[in-house]
A.B. asks: 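Have a look at the structure that comes next, please.
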Amino acid sequence: QVHLVESGGGSVQAGGSLRLSCAASTSTYSRYSMGWFRQAPGKEREGVACIYARGDFTYYADSVKGRFTISNDNSKNTLYLHMNSLKPEATARYSCAAVWCAYDGTWRTWRFSDSAYPYWGQGTPVTVSS
């Protein structure tokens, strides 16, 4: 069981930056592949960025490439999402998710599938005003 707690959300003007954090309560954090997902009001949840266990690989939604960066600090069991040049359409509740990595070479097939992640945080809200 992994308990995830997000922080760092808030309100920012378009063009601004935020850094989201996701603290994980597990001693084997480096064995988990992690993802950031967001859900805007009235819309389905979508994948934003994900990182393979050990941080070997990352993947981003086209809408955030070049502006968002996902990273891990294994010494702190913490996942980050650095968000730059924020746009109003980024307004949503952002949640982190975790899944035990089986190192079976299938990550690319399910990395943005929210059903693949059994552990979720409560989310943190981000509001970007124009």
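Hydrogens, waters and symmetry mates play no part in the numbers below; they use all other heavy atoms, side chains included.
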A.B. asks: Looking only at atom types and distance, does a side-chain atom of Ser33 sit under 3.5 Å from a main-chain N or O of Cys101, one as donor and one as acceptor?
C.D. replies: no
A.B. asks: Could you list the residues that satisfy side chain to side chain donor-acceptor pair (under 3.5 Å) with Thr69, not counting sequence neighbours?
C.D. replies: none
A.B. asks: Following the transitive rule for hydrophobic clusters with a side-chain heavy-atom cut-off under 4.5 Å over Ile, Leu, Val, Met, Phe, Trp and Tyr, establish whether Tyr59 and Ile70 coincide in one cluster.
C.D. replies: no
A.B. asks: Supply the atom-to-atom distance Trp110 CH2 to Ser115 OG, rounded to the nearest 0.5 angstrom.
C.D. replies: 10.5 Å
A.B. asks: Is the shortest heavy-atom distance from the side chain of Tyr119 to the side chain of Gln1 under 4.5 Å?
C.D. replies: yes
A.B. asks: Looking at Arg111 and Thr58, would you say the former's side chain and the latter's main chain have a donor-acceptor pair under 3.5 Å?
C.D. replies: no
A.B. asks: Would you indicate whether Lys43, at its atom NZ, is surrounded by more than 12 heavy atoms from other residues, nucleotides or ligands within a distance under 6.0 Å?
C.D. replies: no
A.B. asks: Could you pull out all residues at least two apart from Glu46 that satisfy salt bridge (Lys or Arg N to Asp or Glu O under 4.0 Å)?
C.D. replies: Arg38
A.B. asks: Please check this pair: side chain of Ser25 against backbone of His3, looking for a donor-acceptor N/O pair closer than 3.5 Å.
C.D. replies: yes
A.B. asks: Just so I know, are the side chains of Leu81 and Phe68 near enough to count as touching, which here means a heavy-atom distance under 4.5 Å?
C.D. replies: yes
A.B. asks: Given the rule that I, L, V, M, F, W and Y join up when any side-chain heavy atoms are under 4.5 Å apart, are Val99 and Val5 in one cluster?
C.D. replies: no
A.B. asks: Has the side chain of Gln39 got a donor or acceptor atom that lies under 3.5 Å from a matching backbone atom of Tyr94?
C.D. replies: no
A.B. asks: Looking at Glu6 and Cys96, would you say the former's side chain and the latter's main chain have a donor-acceptor pair under 3.5 Å?
C.D. replies: yes
A.B. asks: Okay, side chain of Arg67, backbone of Ser63: is any donor-acceptor separation there less than 3.5 Å?
C.D. replies: yes
A.B. asks: So does Tyr80 get a backbone contact from the side chain of Trp36, meaning a donor-acceptor N/O pair under 3.5 Å?
C.D. replies: yes
A.B. asks: How far does CG of Leu86 sit from OG of Ser130, to the nearest 0.5 angstrom?
C.D. replies: 13.0 Å
A.B. asks: Without swapping roles, check the side chain of Thr106 against the backbone of Asp104 for a donor-acceptor pair under 3.5 Å.
C.D. replies: no
A.B. asks: Does Thr78 use its side chain to pair, donor to acceptor, with the backbone of Asp73 at less than 3.5 Å?
C.D. replies: no
A.B. asks: Which residue in the set Tyr117, Trp100, Tyr103, Trp107 passes ring-ring contact (aromatic ring centres under 6.0 Å, His included) when paired with Tyr32?
C.D. replies: Trp100
A.B. asks: Taking the side chain from Asn77 and the backbone from Thr26, do they hold a donor-acceptor pair closer than 3.5 Å?
C.D. replies: yes
